[in-house]
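Reading through the structure tokens given below for one structure.
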2 protein chains.
Amino acid sequence: MGRRSDHSREELRALIVAEGHRQMAEVGFAKFSAREVAKAIGYSIGTIYNVFGSYDQLILAINGETLDRWLADLEAHLEGREQDRLRAAIDAYFDFALGQRNAWTALYDFRLPENEIMPEDYRIKVTAITEVVVREIRSELPPKHVAQAPALARSLLATVHGHCYFALNGTFALLGEQNPLAAALDRVDDALARFRS
Amino acid sequence: MGRRSDHSREELRALIVAEGHRQMAEVGFAKFSAREVAKAIGYSIGTIYNVFGSYDQLILAINGETLDRWLADLEAHLEGREQDRLRAAIDAYFDFALGQRNAWTALYDFRLPENEIMPEDYRIKVTAITEVVVREIRSELPPKHVAQAPALARSLLATVHGHCYFALNGTFALLGEQNPLAAALDRVDDALARFRS
DNA sequence: TATTTTAATTGAACAGTGATCAATATCATG
DNA sequence: CATGATATTGATCACTGTTCAATTAAAATA
């Protein structure tokens, strides 16, 4: 076959990413297959490679989709909220990770080969999520410490990530931790307390 | 061929784990191959499956070896130290993860299938590492709060893990964090401060 | 409209993987 | 020596990511 009128290049790309994300969420990173995605949308494996160039770039696009949804979810949970916004953001973080287990985990299961560089638009997506946290932390910080917000946000993001990861991968269950979210919130409080004294 | 006099079953298992760990450290989880391990020790792929039953069980054994070395490394760094033991433990945590990148990362790249259960000896190894942290945190806590040590240890383990993970996977570099270890130590201090007031 | 050019799509082919298991080789024992 | 038990093999299977000459269809041109 040749050119098809039913999909522009851009639409085809979007179609693959949408179906790819769906399958990633369903079967997880380890069992994900580019061939299955092609089959599901009625194209051949070759087309996937024409559009994305490699398996890694396909995964990157799918993970980018996950980041988009994550950011949208985060903003939806914050919209219109007046109090406890940071807490709401962390709640949403956990909810998203638990609810989108496979897609969220794929974000970390995938590692770009040493030589290749991360696409700019992927960096932007990660930064955008971080910016939300920076903003919320800035508003919880006393004026004199506002400049510390970016550094603190990075560190608390790592803190929450660690708790969330251990909740998902079974480490916390193994160690008898019943309430990972509460533990994470405690650590965030502890960090903020440093700047309130 | 049949029985070989040069290796008992136990020795063969140990040989596979040792070579497997070596290759895991060299090529990483994604490029790891059971066939390559078999080739390196002069056995066939079938023998690997006779000894371990499945790929997952082989990985579990190799990750178990990594946990053994991690615990030994941790204890070596604490041995004889009188002051700043918790700090030394966290230093060692980072050093090990950075120095054994591939092996350490494989600990988290691998996820046991939903149905299968984690072998008891693997649980024990994870617990043993945790116990070291519990012990060090207990000694930093005021007597009245000593009972909180296990819960706090779990949470700080997650905190340090998050920082270490972001340091290794490039997230911190992307966000401009220059000193992940220092950030982790700050968060640990913040948590301990809660129990000192 | 007929022809040529351009671009999209295919899928067989390749090298690699985890997994299986009948056949084989070796050892220990009677 | 013969027999039974056990360890080891490697061809075979179904799958994977990847490539790319061949094919098809649309668009541009004559």
Side-chain angles (χ1 to χ4, degrees), chain A residues 1-17 19-21 23-24 26-63 102 106 109-116, chain B residues 1-17 19-21 23-24 26-63 102 106 109-116:
Chain A
M1 307 180 195
R3 218 172 284 186
R4 281 191 193 173
S5 57
D6 51 346
H7 293 303
S8 76
R9 211 61 184 170
E10 213 65 27
E11 285 169 344
L12 179 53
R13 201 189 151 91
L15 181 63
I16 296 171
V17 169
E19 176 59 24
H21 184 274
Q23 293 198 16
M24 183 65 84
E26 188 176 320
V27 306
F29 184 80
K31 292 182 182 167
F32 181 85
S33 152
R35 265 191 177 78
E36 289 300 317
V37 174
K39 194 184 298 177
I41 60 172
Y43 277 83
S44 83
I45 177 66
T47 295
I48 301 273
Y49 276 81
N50 288 340
V51 174
F52 289 95
S54 75
Y55 186 77
D56 287 0
Q57 291 301 316
L58 169 61
I59 300 294
L60 227 31
I62 289 170
N63 281 352
N102 286 334
D109 285 335
F110 174 72
R111 238 171 316 283
L112 207 58
E114 209 65 43
N115 41 19
E116 295 194 42
Chain B
M1 307 181 193
R3 217 173 285 185
R4 283 191 192 174
S5 57
D6 48 348
H7 294 302
S8 77
R9 211 59 183 170
E10 214 63 29
E11 286 169 342
L12 179 52
R13 203 190 150 89
L15 180 63
I16 295 171
V17 169
E19 176 59 23
H21 184 273
Q23 293 197 16
M24 182 65 83
E26 189 175 321
V27 306
F29 184 79
K31 292 182 181 165
F32 181 85
S33 152
R35 266 191 176 77
E36 288 302 317
V37 174
K39 195 184 297 178
I41 61 172
Y43 277 83
S44 82
I45 178 63
T47 296
I48 302 273
Y49 277 82
N50 288 339
V51 175
F52 290 94
S54 74
Y55 187 76
D56 287 0
Q57 291 300 317
L58 169 62
I59 300 295
L60 227 30
I62 289 170
N63 281 351
N102 286 335
D109 285 335
F110 174 72
R111 237 170 316 284
L112 205 59
E114 210 64 42
N115 41 20
E116 294 195 41

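Numbers restart at 1 for each chain; the letters A, B, ... are given by sequence-line order, proteins then strands. This one's a predicted model, so the numbers in the text were calculated from it and none came from an experiment.
With hydrogens and angles ignored, the 3.5 Å screen pairs no side-chain donor or acceptor of A/Asp109 with any backbone N or O of A/Ala30. Under the 3.5 Å distance criterion, the side-chain polar atoms of A/Asp56 are left unmatched by any main-chain donor or acceptor of A/Leu112. Between the A/Glu116 side chain and the A/Pro113 main chain, no donor and acceptor come within less than 3.5 Å of each other. Proximity of a side-chain donor or acceptor of B/Glu11 to a complementary backbone N or O of B/Ser8 within less than 3.5 Å is detected.
Contact between the side-chain N/O atoms of A/Thr47 and the OP1/OP2 oxygens of C/dT10 is found at a separation under 4.0 Å. The side chain of B/Ser44 places no N or O atom within less than 4.0 Å of a non-bridging phosphate oxygen (OP1 or OP2) of D/dG10.
To the nearest angstrom, C1' of D/dG17 lies 15 Å from CD of A/Gln23. Summarising the geometry, the separation between CD1 on A/Ile45 and C1' on D/dT16 is reported as 9 Å, rounded to the nearest angstrom. Per the geometry, CD1 belonging to B/Ile48 stands 12 Å off C1' belonging to C/dG18, to the nearest Å. One interatomic measurement links the two molecules: CZ of A/Phe110 to C1' of D/dG17, which rounds to 13 Å at whole-angstrom precision. Taking atom NZ of A/Lys39 as the reference point, atom C1' of D/dC15 lies 10 Å away to the nearest angstrom. Taking atom OH of residue B/Tyr43 and atom P of nucleotide D/dA7, one finds them 11 Å apart after rounding to whole Å. Per the geometry, CG belonging to A/Asn50 stands 13 Å off P belonging to D/dT18, to the nearest Å. As rounded to whole Å, 19 Å separates atom P of D/dA7 from atom OH of B/Tyr49.
Nearer to the 5' terminus of DNA chain C, by closest-nucleotide assignment, is the contact made by A/Gly42 (compared with the other of A/Gly42 and B/Asp56).
Surrounding CD of A/Glu10 are at most 12 heavy atoms belonging to other residues, nucleotides or ligands under 6.0 Å away.
B/Tyr55 meets the side-chain contact (heavy atoms from CB on, under 4.5 Å) test with B/Phe32, B/Ala34, B/Tyr49, B/Ile59; sequence neighbours excluded.
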Which atoms of nucleotides 14-17 of chain C (N or O only) lie under 3.5 Å from a protein N or O atom, and what are those distances?
from	atom 1	to	atom 2	distance (Å)
C/dT17	OP1	B/Ser33	OG	3.0

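To the nearest 0.5 Å, atom CG of residue A/Asn102 and atom CZ of residue B/Arg111 are 8.5 Å apart.
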